[in-house]
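The next block holds one structure in the form of structure tokens; read it before the comments.
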Amino acid sequence: MSILAILLACALLVTADDSEIAKESATDYRLPNGTAPKHYDIQLWTNGHEGNLSYRGLVKILVDIGEPTNQVILHAVNLSIRQCNLFRLSGNDERVELKGLNVQNILENEQLMISTNDLIEVGAHLLEIEFNATVNSTYPEGIFLSSYEDEVGGKRFVLASQFDPIGARRAYPCFDEPALKATFNLSIVHHKSHEAYSNMPAIGREVVGGDYVETVFQQTPLMSIYLLVFCTTDLAVQTVGNQMALVRKSMLEKATESLQVSNEILDALSKYTDLPYSDYVPKLTHLAVPFAERAHFSAMENWGMILYLEKFFVDPPSYYNLYGYGGNRLPAIEVIAHESGHQWFGNLVTPQWWNHLWLKEGFATLYQNYILDVIRPNERWMDTFLVHEMPRGLIDDEYTKAISFECNNRENIKKQYNDYSYQKAASVLNMFRNVLGDEKWQKAVQMYLKSRALDNATPEDLYSAIEEVSGGSDFFPGNISVEEIFNSWILEEGTPVLYVDRLEGGNKIILFQEREQYCTTSGLENRMIPYNYAYESSPSFYETGPIEWLTDNLAQITTNASYDEWIIFNKRRFGPYKIMYDLHNWRLIIRALQNNASCIHYLNRAQLLDDAYDHNREGRLVVKIVFDLVTYLRNETDLLVWSRGRRIVDFMRHHVRGNDNYKLFKIFQTHLIARVYEKFEPQMKLFPFTVSTHRWITNLACIGGIDRCLDAARRAFSSAVQTNATVRPEEMHTVYCFGLRNATQEEFSWLLNRLRTTRDAKEQEILLAVFIVCTDQVDRMRRAIINIQEYLSEDEKRLKDFSLEFNDSYLRVVEEKFQQLFEILDEDSEFMKRLGYSLAKEVLLAMKLISSTKDENAKLVQLVKKFNEIFENENDRLNLEIRERKPKLNSLVLEDFLQKYVSKLNAPLQK
């Protein structure tokens, strides 16, 4: 029964002005463990419909005192306490008020200490606190306010909450730790023009005076307070089954698609876990908040009502630049799957403390891909996980951390939310899934969830389930526990590198491991690394076993592979570690891939590309091997693998120096992508993580002058001009850039006018870049720059925020771009003056990126001198620090590589 229904408060007034602020900080960021909440009644009075930032509340908490004390400590941040009462409850619902309360804020630990002269005895007590507070209008933490424009330009508001991980204390006084689970009854007073929503269905809506109503919600199951959520809004509603979406009206159709896939995901997870979602929560609402400001999250998995930043529930259009970047974000379907996975991993079973965050985020990251692979087996979601997600968890830099580390303050808790708790932990879990096999792993997961349902968990609970399922079999090395193996991955910083060193002339191999160079802290000495391998005469990539373990730093093994045939470790990339082969094996692998790319599994091909790049970056592998390896991509047709190879191609492009070498690189690049581009078909089926690579290859084909690509861009451009229509967002950069080639004067004028007529801010941004990058005639370039200047001058904010974010290779789409821009700016002083300080400065900065010869540097110095003379009254003089570029090793090796590669291509013609 609700506490609100059975208890009335007698008030002891404690105002914020009178309460003492504790000067000394508490010794621990954690709450004392002698007091535990059992149930909350929360009532809030809000005015979110009109953008009012203030609200007030009353929270009543039924607490269990575990040992005699004279104080209760809970959490509160930036709350004005108006009144506080504490009652002792007896078995017959009688209560005795404890007098003489003193309320102190412990600021450093974000705590509220309520002390009394009377002894607080063991047993049930009721804590009542009235308070005033302010919602957050700039950041979605605690209770926050978002605004948006409706279809007719009116301003609308959404009041919502986001408490993960420690934001509930900013909304109302509470015990804000994940292990302190309770049940919740919530009621919200709000304007009648809005509806209120929360974790559970509403069970009442009554008028409370004037234009205000009170919405009361059904009691929640036992859960952590960071999962409580609510909102007041007039967003549109779409329903599919027992799931509902709250979105803008313009997004109702797309919301239906998201709801349909969410139903599939929830059903599949219910079946997989053998724990039906509906056994705990009767509905699932998806709240898509149109929050315009920056946020640290994409969505939040609140039990029964998932909160999304709008673009992560309904996919927005993807705009790609000339190198395929701009659309690389998680697709909505994957975000929905991730948050759905949390309904079990995090909500039903919750990590005891934030250093075990990986128990929810690692599982949710793994199962967002695993369950999508189940319901959409042709979309390669687990392949995507191994090719894209796993490498994110293997990045080692100065920010490298262990998957689990001590969380003793707000900063450390926030730091737990990183790629190691998500992608790396998911990769470790997936490694164990492969070791055990799907059937036993599923049993272990079910056992773990059922044993800790509606409770909190520690890693030991998971390890016990795995131990029991494995039954002392040969899955793991002898005399080493599952906990020891997990700890070597969870508590250790950095990524292990497995060295595979073949002894010359024989079939013996020395294996040894080391950590990445950025790892400087001490930890466990070795990882427990599971490994398997395939080799040229036995390419059995689809058989996971047998799996062996490297438990020491060094081991010698004997294989059946001869010295002159390639060998590949970590079949299908099941383990989250890097592999460094000896040079002999690298050369055997490269030769095999150049002859037949499919002789090695595509997941291992992706790992070879990743490892080669990383080994060179970290000083373990000479760059010549990396360049030789990437040449096999000429025979690669798998876009997932290409998505890893493009990183090396972009790396090579970055190291091209001078126009002559860039011309050689364009020949190499075009030859590399020609075959895979030939296989592209109009409207071909693409998976979410291959779209950007498809766009990248298509643009390289156009940059390389492949007629089919240029003709397609030209046709699309002409069609857009003739119909005055918008080009598809994902094709916009390609069509506009290469449609400019040989465009008529009428078509060029249409594109110039498009800059002003389009209402799409992203299209305007693309057009600004296209005019600078892709215009290939000097007179048109001059006209385009003038047009840009006039466009910028029409809006002071537009001019202030203007910048051109280019890299050197991006600016070389049109050869001789430096000379083209030089001719325009050097024409006369009046032209540069007409451009204005901001635009002229941006063009000079762009020229600096592509200047590579002494002559070009001298010309740039000349232009900078002219610039500073013209704009001498500006506050900042332009100093580009133009220096002669000295050759670097990678650039010199690349120059030699390109010369030899192109020479081989030309050899048949010379004969």
Side-chain angles (χ1 to χ4, degrees), residues 323-325 328 384 386-398 400 419 423-424 427 494-500 514-519 566 568-570 573 575-583 585-590 592-594 597 600-636 638-656 665 668-669 672-673 689 692-693 696-697 700 807 809 888-895 897-898 901:
Y323 290 105
Y325 297 105
N328 294 339
T384 298
L386 294 170
V387 171
H388 281 278
E389 298 292 320
M390 181 186 286
R392 286 180 58 187
L394 304 187
I395 295 174
D396 287 299
D397 53 28
E398 61 269 29
T400 296
D419 288 347
Q423 283 77 19
K424 192 170 188 177
S427 300
T495 298
V497 179
L498 178 64
Y499 282 79
V500 178
E514 72 172 15
R515 291 190 294 172
E516 292 282 29
Q517 62 183 20
Y518 286 101
C519 300
W566 55 259
I568 293 289
F569 275 66
N570 198 27
R573 205 176 194 174
Y577 52 87
K578 301 176 184 180
I579 304 170
M580 177 59 189
Y581 299 103
D582 58 81
L583 291 179
N585 198 48
W586 275 114
R587 294 187 179 106
L588 291 175
I589 291 169
I590 291 169
L593 290 174
Q594 289 172 336
I600 294 174
H601 194 273
Y602 58 85
L603 292 174
N604 290 100
R605 301 200 299 268
Q607 178 167 12
L608 287 166
L609 291 164
D610 280 337
D611 287 353
Y613 178 87
D614 290 340
H615 291 328
N616 172 256
R617 182 177 66 91
E618 293 151 10
R620 287 188 290 267
L621 184 65
V622 294
V623 76
K624 178 65 165 55
I625 293 293
V626 183
F627 295 159
D628 288 342
L629 175 64
V630 83
T631 62
Y632 106 84
L633 288 174
R634 167 80 172 162
N635 301 321
E636 183 62 74
D638 192 320
L639 290 183
L640 268 180
V641 181
W642 261 105
S643 69
R644 309 313 295 174
R646 65 183 285 187
R647 184 167 62 151
I648 299 178
V649 176
D650 289 343
F651 165 77
M652 296 170 75
R653 185 188 302 110
H654 176 73
H655 282 87
V656 173
F665 177 76
F668 160 77
Q669 179 177 260
L672 203 64
I673 58 95
F689 280 95
S692 66
T693 301
W696 177 75
I697 291 173
L700 294 190
N807 59 44
S809 53
K888 296 181 180 180
L889 178 60
N890 285 344
S891 299
L892 294 176
V893 175
L894 178 59
E895 181 177 343
F897 169 84
L898 291 173
Y901 188 96

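In this chain, residues are counted from 1 in sequence order.
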Next on the checklist: I'd like to check the side chain to side chain donor-acceptor pair (under 3.5 Å) partners of Y581; sequence neighbours left out, ordered by chain and number.
Outcome noted: none
Checklist entry - CH2/W642 to OG1/T693 distance, rounded to the nearest 0.5 angstrom? => result 9.5 Å
Item to check | Where G494 and K424 come nearest, the two heavy atoms and their spacing | outcome: O-NZ, 2.6 Å
Next on the checklist: On a heavy-atom basis, which atom in P576 and which in L394 lie closest, and how many Å separate them?
Outcome noted: O-CD2, 3.5 Å
Checklist entry - Q669 versus V656: any side-chain heavy-atom pair under 4.5 Å? => result no
Item to check | With D610 via side chain to side chain donor-acceptor pair (under 3.5 Å) - residues at least two apart | outcome: R573, R644, R647
Next on the checklist: Could you tell me if the side chain of H655 sits less than 4.5 Å from the side chain of V893, heavy atoms only?
Outcome noted: no
Checklist entry - Considering only heavy atoms from C-beta outward, does the side chain of L593 approach that of L629 to under 4.5 Å? => result yes
Next on the checklist: Set out, in order, the CA-CA distance, both residues' side-chain angles and the distance that settles side chain to side chain contact (heavy atoms under 4.5 Å, CB included) for V626 and H615, then state yes or no.
Outcome noted: CA-CA 9 Å; V626 183; H615 291 328; over 6 Å; no
Checklist outcome for this item: Closest non-hydrogen atoms of V641 and E636, given as atom of the first, atom of the second and distance, are CG1-OE1, 3.4 Å
Checklist entry - Hey, does the side chain of E389 reach the backbone of S427 with a donor-acceptor pair shorter than 3.5 angstrom? => result no
Checklist entry - Do the side chain of N635 and the main chain of A597 share a donor and acceptor less than 3.5 angstrom apart? => result no
Item to check | Shortest non-hydrogen contact between I648 and L609, atoms and distance | outcome: CD1-O, 3.7 Å
Next on the checklist: Is there a side chain to side chain contact (heavy atoms under 4.5 Å, CB included) between I697 and L639? Walk through the geometry before answering.
Outcome noted: CA-CA 9 Å; I697 291 173; L639 290 183; 3.7 Å; yes
Item to check | Distance (rounded to the nearest 0.5 Å) between Q607 CD and Y602 OH | outcome: 14.0 Å
Next on the checklist: Counting C-beta onward and ignoring hydrogens, is there a side-chain heavy-atom pair between V649 and W696 closer than 4.5 Å?
Outcome noted: yes
Checklist entry - Hey, are the side chains of E514 and R620 touching, using non-hydrogen atoms and a 4.5 Å cut-off? => result yes
Item to check | Taking every non-hydrogen atom, the tightest pair across T495 and G393 | outcome: OG1-O, 4.2 Å
Item to check | Spacing of NZ belonging to K624 relative to CG belonging to N890, to within rounding of 0.5 Å | outcome: 13.5 Å
Next on the checklist: As an exercise, state the distance from CE of M652 to CG of L894, rounded to the nearest 0.5 Å.
Outcome noted: 5.0 Å
Item to check | Gap separating the OH atom of Y613 from the NZ atom of K578, nearest 0.5 angstrom | outcome: 10.5 Å
Checklist entry - Side chains of L608 and I568: closer than 4.5 Å at any heavy-atom pair? => result yes
Next on the checklist: Quick check for you: to the nearest 0.5 Å, what is the distance between L621 atom CG and D614 atom CG?
Outcome noted: 10.5 Å
Item to check | Close side-chain approach of F651 to N616, heavy-atom, < 4.5 Å | outcome: yes
Next on the checklist: Is the shortest side-chain heavy-atom distance between I590 and W566 below 4.5 Å?
Outcome noted: no
Checklist entry - Under the side chain to side chain contact (heavy atoms under 4.5 Å, CB included) criterion, do D628 and W586 qualify, and how do the steps go? => result CA-CA 10 Å; D628 288 342; W586 275 114; over 6 Å; no
Item to check | Nearest heavy-atom neighbours spanning N604 and N570 | outcome: ND2-O, 2.9 Å
Next on the checklist: Measuring centre to centre across the rings, with the benzene-like ring taken for any Trp, is F627 within less than 6.0 Å of Y901?
Outcome noted: no
Checklist entry - For L672 and L700, what are the C-alpha separation, side-chain angles and deciding distance, and is it a side chain to side chain contact (heavy atoms under 4.5 Å, CB included)? => result CA-CA 10 Å; L672 203 64; L700 294 190; over 6 Å; no
